[in-house]
Amino acid sequence: MCGIVGILGEGPVAPQIVDALRRLEYRGYDSAGIATLEGGRLARRRAQGKLRNLELKLDESPLRGAIGIGHTRWATHGRPTENNAHPHANRRLAVVHNGIIENFRELRDELKAKGHGFATETDTEVVAHLVGDAIEAGRRPAEAVASALPRLKGAFALAFLFNGEKDLLIGACQGAPLAIGHGEGEMYLGSDALALAPFTDAITYLEDGDWALVRRRSVEFRRVSGELIKRQKQRSQAGALLVDRGNHRHFMAKEMHEQPEVVGRTLAHYLDMAAGEVRLPFALPKNIGKLSRLTLVACGTAYYAGLIGKYWFERFAQLAVDIDVASEFRYRDVPMQAGGLTIAVSQSGETADTLACLRHARRHGQRVLSILNVATSTMARESDIVAPTLAGPEIGVASTKAFTCQLAVLACLAMAMGRARGVLDPQREAELVSQLIAVPGLMAEALKREHAIELLARDLAKSRDVLYLGRGTSFPLALEGALKLKELSYIHAEGYAAGELKHGPIALIDEALPVIVIAPSDPVREKTASNMQEVAARGGRIILIGEAGAAQEAQVETMATIAMPDMGAEFAAIPYAVPAQLIAYHTAVFMGKDVDQPRNLAKSVTVE
Ligand code: G6P
């Protein structure tokens with residue numbers, strides 16, 4: 001999703017802006033741009049594609065101004081061309097924008113009728129015209145912004161730079177994040193604290209409906225109504241978080257290899273390993289024993305984590321789980337009882353649909369527990385309880401370590417709820433805890449299968465379609481494996497519950513279709529073995545992910561077997577996620593795809 005940066009500096013700010021935009025690359029984007037004041041006059045450079053293209057333009061024709069704004073755009077309205085790239089400007093101002101102006105058509109028609117000509121396909125351009133129009137009518141920049149903001153509908157963050165105003169940036173936010181960074185005689189604006197980490201760790205987050213007049217030595221916060229307000233400055237931890245690839249070729253590779261460590265760290269946060277008990281760092285709602293069901297909402301990979309969690313909540317806590325993708329849930333007429341519990345799962349804590357569900361649940365008197373990787377996110381601020389995943393910053397667009405950490409937290413929560421509800425006895429809890437403690441080591445072992453998977457990937461890269469099958473918690477994992485493969489390699493892939501094979505997908509089986517079967521040694525493995533035989537009988541090419549000897553036991557011939565270490569069945573989904581991720585990664589790398597930033601995808605999806 002789009003990234004915003006603004007700097008009021010002492011010397012030329014363009015290189016710093018590009019540096020900060022690079023730290024926002026992880027959000028996903030397809031064009032970039034920058035505007036500064038050169039001798040007090042607005043100047044812009046914009047480019048389609050990656051930041052490198054913008055840098056080439058800046059090399060050819062440098063910007064030297066000491067104040068500027070920059071942007072990485074993830075196209076929503078209009079193609080990712082240079083002309084549609086931000087900043088959008090007129091002779092009065094330049095503006096960058098994250099999010100969507102929902103009523104842009106109405107505003108555009110009104111402005112056109114007044115004689116404004118539109119040069120782009122974007123929704124953002126109306127903001128430039130609206131504010132520009134007010135300045136033309138004689139208003140000061142702040143008054144012009146104040147008059148425009150109440151007219152804008154939707155979720156957005158904005159940053160403005162004004163012609164002739166060498167000591168003023170204005171930032172505004174409504175449903176999309178914006179942070180102000182405080183420096184010594186310099187000030188900054190950014191979509192998150194990570195972007196500003198090299199410059200300052202003193203951060204103020206704007207709240208929905210806030211806007212700020214930022215000058216080098218002062219900042220003034222106002223509400224859309226015009227009311228002057230105070231906002232706290234806080235110390236951000238973002239500077240401590242290293243954003244580099246280390247020795248790895250891609251962020252995704254680094255993040256997959258970090259999993260044993262970060263899953264271990266996350267488990268340590270929720271378990272008393274010595275006592276063999278769950279020990280949550282927060283109190284569960286007091287009425288947890290009386291609840292009969294939970295609601296779970298999430299998007300993308302986080303949704304698949306939730307689907308796996310559903311099995312655990314049902315099994316360990318005897319809680320029925322109503323789970324849906326957030327974009328569906330928010331528009332269903334779900335009866336929600338006051339006093340109930342909703343769990344939101346999100347890496348970024350900013351995903352628009354998940355956030356909308358969180359707010360919906362709270363409006364219905366539910367308590368919201370959010371499993372989040374970004375502690376300073378909007379969802380973190382709006383939840384009753386935050387259950388952190390300690391994965392560290394995840395830069396690769398395709399989620400890997402955040403996913404397995406989400407699973408670790410869901411497993412611990414399900415056990416804690418089981419205990420609180422009196423349905424999980426201490427002996428069973430200790431047994432489950434010992435299985436969980438083994439997970440990081442099993443993940444490290446699974447990572448050792450990387451070379452074999454790299455060889456297999458060369459074969460998979462030739463496929464047009466791939467089918468993933470699994471039962472129990474391996475079913476959502478099959479969905480996640482298929483998602484990873486399609487998002488990274490652009491090969492069509494589908495995940496199915498193995499038992500559903502005969503209800504349709506079996507028609508697809510032939511010698512050309514690789515079928516990846518996820519079959520840990522769990523109580524349903526014999527059922528999965530029967531499904532494998534159905535595939536083999538029709539000449540399908542099976543790739544089995546299972547314990548050594550699983551293929552013989554199932555009496556099937558496979559095209560390849562990824563032999564996993566022996567492990568307890570309950571949390572096998574966590575180590576088994578590793579080969580699923582590696583398959584997608586190596587197939588895409590072999591095909592020469594951009595694994596860290598796959599086409600059309602965004603890391604943090606702040607629009608519906
Ligand atoms: C995007 C990302 C996915 C992620 C999903 C949900 O689609 O590309 O990796 O799973 O959003 O994001 P969240 O931050 O809420 O987990």
Side-chain angles (χ1 to χ4, degrees), residues 1-3 24-30 74 76 98 155 175-177 191-192 194 250-252 255-256 296-309 323-330 342-359 368-380 382-383 386-389 391-407 409-410 476-477 479-490 495 577 580-581 584-585 588 593-608:
M1 210 87 325
C2 308
L24 292 172
E25 276 194 310
Y26 74 93
R27 298 163 70 91
Y29 71 108
D30 31 43
W74 186 77
T76 58
N98 168 23
S191 291
D192 63 28
L194 211 55
H250 301 102
F251 280 110
M252 185 181 170
E255 289 158 6
M256 286 189 296
L296 236 152
V297 288
C299 298
T301 290
Y303 168 66
Y304 294 141
L307 269 185
I308 293 175
I323 174 164
D324 206 346
V325 285
S327 53
E328 284 302 311
F329 184 89
R330 63 186 290 192
T342 291
I343 299 183
V345 188
S346 174
Q347 189 285 128
S348 63
E350 302 293 349
T351 303
D353 284 316
T354 312
L355 181 59
C357 290
L358 177 158
R359 290 175 175 162
V368 175
L369 184 160
S370 295
I371 300 176
L372 302 172
N373 199 41
V374 180
T376 50
S377 58
T378 309
M379 282 185 222
E382 297 194 16
S383 301
V386 175
T389 47
E394 190 179 65
I395 308 297
V397 165
S399 184
T400 53
K401 62 175 181 169
F403 172 68
T404 46
C405 286
Q406 284 160 356
L407 292 178
V409 175
L410 285 161
L477 194 56
L479 297 174
E480 168 62 6
L483 174 68
K484 280 281 154 295
L485 187 70
K486 67 187 143 199
E487 64 186 346
L488 296 179
S489 71
Y490 320 142
Q581 296 163 348
Y585 171 80
K593 305 297 185 209
D594 184 349
V595 289
D596 280 337
Q597 288 169 33
R599 70 180 180 207
N600 305 338
L601 295 183
K603 182 75 181 159
S604 176
V605 182
T606 49
V607 293
E608 273 194 55

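Because only heavy atoms are used, hydrogens play no part in the values below, and waters and symmetry mates are left out as well, while side chains stay in. The shown structure was predicted, so the numbers you read here are calculated from the model rather than taken from an experiment. Remember, it's 1-based here, ligands and their atoms both numbered in the order they're listed. In this chain, residues are counted from 1 in sequence order.
- The N/O atoms of Thr351, backbone and side chain alike, include one that comes under 3.5 Å of an N/O atom in ligand 1.
- Residues Thr301 and Gln406 approach most closely at O-OE1, 4.5 Å, considering heavy atoms.
- Looking at every heavy atom in both residues, Glu480 comes nearest to Ser399 through OE2-O, 4.0 Å.
- Note that the OG atom of Ser346 and the CE atom of Met379 stand 3.5 Å from one another [nearest 0.5 Å].
- The heavy-atom pair separating Asp353 from Cys299 by the smallest distance is CB-SG, 4.0 Å.
- Backbone and side-chain nitrogen or oxygen atoms of Thr354 are examined, and none is located within less than 3.5 angstrom of a nitrogen or oxygen of ligand 1.
- For atom 5 (C) of ligand 1, the nearest protein heavy atom (residue, atom name, distance) is Cys299 O, 3.9 Å.
- Side chain of Asn373 to backbone of Pro388: no donor-acceptor contact under 3.5 angstrom is found.
- Listed by atom number, the atoms of ligand 1 under 4.0 Å from Gln347 heavy atoms are 13 (P), 14 (O), 15 (O), 16 (O).
- Each of the atoms 10 (O), 16 (O) of ligand 1 lies under 4.0 Å from some heavy atom of Ala302.
- Short contacts between ligand 1 and Ser399, defined as distances under 4.0 Å to a heavy atom of the residue, involve ligand atoms 9 (O).
- A donor-acceptor contact shorter than 3.5 Å links the side chain of Lys401 to the backbone of Pro393.
- For atom 8 (O) of ligand 1, the closest non-hydrogen atom on the protein side is Ala602 O, 2.9 Å.
- For atom 4 (C) of ligand 1, the closest non-hydrogen atom of the protein is Thr301 N, 4.2 Å.
- Using a distance-only test at 3.5 Å, with no hydrogens or angles considered, a donor-acceptor pair links the side chain of Glu255 to the main chain of Gly396.
- Distances between N or O atoms of Gln406 and those of ligand 1 include no value under 3.5 Å.
- In this structure, Val397 has a heavy atom closer than 4.0 Å to ligand 1.
- Nearest heavy-atom pair, Val297 versus Cys357, reported as atom, atom and distance to 0.1 Å: CG2-CB, 3.8 Å.
- For ligand 1, the atoms lying closer than 4.0 Å to a non-hydrogen atom of Ser346 are 13 (P), 14 (O), 15 (O), 16 (O).
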